[in-house]
Amino acid sequence: MLRAPAERPGALRAGWSGLAGAITFLTIVPLRDGGDMGRAAGWFPLVGAAVGALAGGVRAGLDPLLGATAATVIAVAALVIVTGALHEDGLADTADGLGVRGDRARRLAVMRDSSIGVFGALALIGWTLLLVVVLDQLSTSRALEALIAAAALGRWAALLHAALAAPARADGLGATFVPGRTALAFATLTALAAALALCGLGPGLAAVAAALAVAGASVVHVRATLGGRTGDTLGATVALTEVVVCTVLLAVWRG
């Protein structure tokens with residue numbers, strides 16, 4: 001008996017479903033075919049690279065008109081806007097949770113509060129200032145390369161964070177988002193290819209090492225302080241990786 005083609009989606013349709021899911025989750029672009037998050041995970045670095053390319057394109061387009069500093073500020077704003085401030089929100093909530101005094105339950109409760117506290121505000125200010133200062137010192141082409149590599153590696157680091165840290169809660173994104181081995185392998189290849197192809201062997205390896213360091217440190221820290229990962233710690237891992245990778249690339253290129 002022949003199976004109707006519509007009963008089982010083909011590889012092309014499955015691939016598009018995963019890509020659409022990654023775009024829908026990671027950006028403000030709405031697509032109908034959202035797919036499931038497990039399948040979408042493999043596309044995270046590619047979508048991240050596109051987000052970084054958009055921000056780098058803004059910097060390149062406005063640099064001749066406004067100068068590097070103003071163009072960089074607008075580029076960072078574009079980076080935040082196109083993602084709906086998803087990762088920055090996670091960074092702020094995580095900082096608030098880790099900054100409060102109390103046990104794990106208290107920290108997790110604070111992280112679920114939608115308001116931003118002092119630690120969250122300081123984390124956002126520090127992230128923004130450091131990223132702007134770093135990118136401002138890079139040429140237009142280097143800033144573009146750094147943003148693409150950092151955004152791709154940031155999403156890859158979040159997948160590593162999800163794979164290596166158990167959920168801190170029984171509900172929420174931290175509990176439901178579990179990237180499969182195939183998706184993680186594809187994401188790893190994509191992220192490494194982006195970093196090495198854009199930045200060159202030495203700087204690319206340094207960027208990859210920086211992403212691994214952030215992912216590893218984040219896993220150790222959330223295990224000790226929160227008991228595991230949450231959706232907020234996933235977002236914080238992306239944001240921290242982005243700024244650390246850009247900083248490391250600046251140091252390598254200036255060295």
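Values reported hereafter were calculated over all heavy atoms of this structure, with side chains retained and with hydrogens, waters and symmetry mates removed. Just so it is clear, the structure is predicted and the values come from calculations on it, not from any experiment.
Between Ile116 and Leu124, the closest side-chain pair of non-hydrogen atoms falls below 4.5 Å. Looking at heavy atoms from C-beta onward, Leu249 lies out of side-chain contact with Glu145 at the 4.5 angstrom threshold. Residues Leu66 and Ile74 meet the side-chain proximity criterion, which asks for heavy atoms closer than 4.5 Å. For the pair Cys246 and Leu135, the minimum side-chain heavy-atom distance is below 4.5 Å. Side-chain contact between Leu26 and His87: present, with at least one pair of heavy atoms (C-beta onward) separated by less than 4.5 Å. No side-chain heavy atom of Phe186 sits under 4.5 Å from any side-chain heavy atom of Leu46.
Of the inter-residue distances, the one linking Asp232 atom CG with Leu86 atom CG reads 9.5 Å to the nearest 0.5 angstrom. To the nearest 0.5 Å, the span separating CZ on Arg181 from OG1 on Thr188 amounts to 13.0 Å. For the atom pair CD (Gln137) and OG1 (Thr72), the distance works out to 10.0 Å, reported to the nearest 0.5 Å. Distance CG/Leu201 to CG/Leu196: 6.5 Å, rounded to 0.5 Å. From Leu234, atom CG reaches atom CZ of Arg155 across 12.0 Å, with rounding to the nearest 0.5 Å. The NE2 atom of His221 lies 4.5 Å from the CG atom of Leu98; values are rounded to the nearest 0.5 Å.
When all heavy atoms of Val118 and Asp96 are compared, the closest pair comes out as N-OD1, 3.9 Å. Residues Trp127 and Ala239 come closest through the heavy atom pair NE1-O, 2.8 Å. The minimum heavy-atom distance between Val219 and Leu160, with the atom names listed, is CG2-O, 4.4 Å. For the residue pair Leu226 and Arg104, the shortest heavy atom distance occurs at C-CD, 3.8 Å. A pairwise comparison of heavy atoms in Arg59 and Ala143 identifies NH1-CB, 3.5 Å as the closest pair. In terms of heavy atoms, Pro45 sits closest to Leu159 at CD-CD1, 4.4 Å.
Under the 4.5 Å side-chain heavy-atom criterion for Ile, Leu, Val, Met, Phe, Trp and Tyr, Trp43 and Val51 are members of the same hydrophobic cluster. Linking ILVMFWY side-chain heavy atoms closer than 4.5 Å, directly or via other members, places Leu122 and Leu240 in two distinct hydrophobic clusters. Hydrophobic clustering (side-chain heavy atoms under 4.5 Å, transitive across Ile, Leu, Val, Met, Phe, Trp, Tyr) keeps Leu91 apart from Val110. Follow the hydrophobic side-chain contacts under 4.5 Å out from Leu153 and you reach Leu130 in the same cluster. Hydrophobic clustering (ILVMFWY, side-chain heavy atoms < 4.5 Å, transitive): Leu144 and Leu79 are in distinct clusters.
For the pair Thr233 (side chain) and Thr230 (backbone), a donor-acceptor distance under 3.5 Å is present. In terms of modelled atom types and a separation under 3.5 Å, the side chain of Thr237 and the main chain of Ala215 share no donor-acceptor contact. Between the side chain of Thr27 and the main chain of Ile23, a donor-acceptor pair closer than 3.5 Å is present. Side-chain atoms of Thr128 never come within 3.5 Å of backbone atoms of Ile125 as a donor-acceptor pair (strictly under, hydrogens ignored). With Arg223 contributing its side chain and Leu164 its backbone, the two residues share a donor-acceptor pair below 3.5 Å.
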Item to complete: Please report the C-alpha distance between Trp156 and Thr190 in whole Å, then the side-chain angles of each, then the deciding distance to 0.1 Å, and finally whether the side-chain contact (heavy atoms from CB on, under 4.5 Å) criterion is met.
Response: CA-CA 9 Å; Trp156 175 57; Thr190 304; over 6 Å; no
Discussion item. With side-chain contact (heavy atoms from CB on, under 4.5 Å) as the criterion, how do Val243 and Val134 come out once you've worked through the C-alpha distance, each side chain's angles and the decisive distance to 0.1 Å?
Written reply: CA-CA 8 Å; Val243 72; Val134 167; 5.8 Å; no
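Between the side chains of Ser115 and Asp113, a donor-acceptor pair is found at a separation under 3.5 Å. Asp136 and Thr69 form a side-chain donor-acceptor contact under 3.5 Å, judged by distance and modelled atom types alone.
The number of heavy-atom neighbours closer than 6.0 Å to CZ of Arg106, taken from other residues, nucleotides and ligands shown, is 12 or below.
In this structure Phe119 satisfies the ring-ring contact (aromatic ring centres under 6.0 Å, His included) test with no other residue, sequence neighbours excluded.
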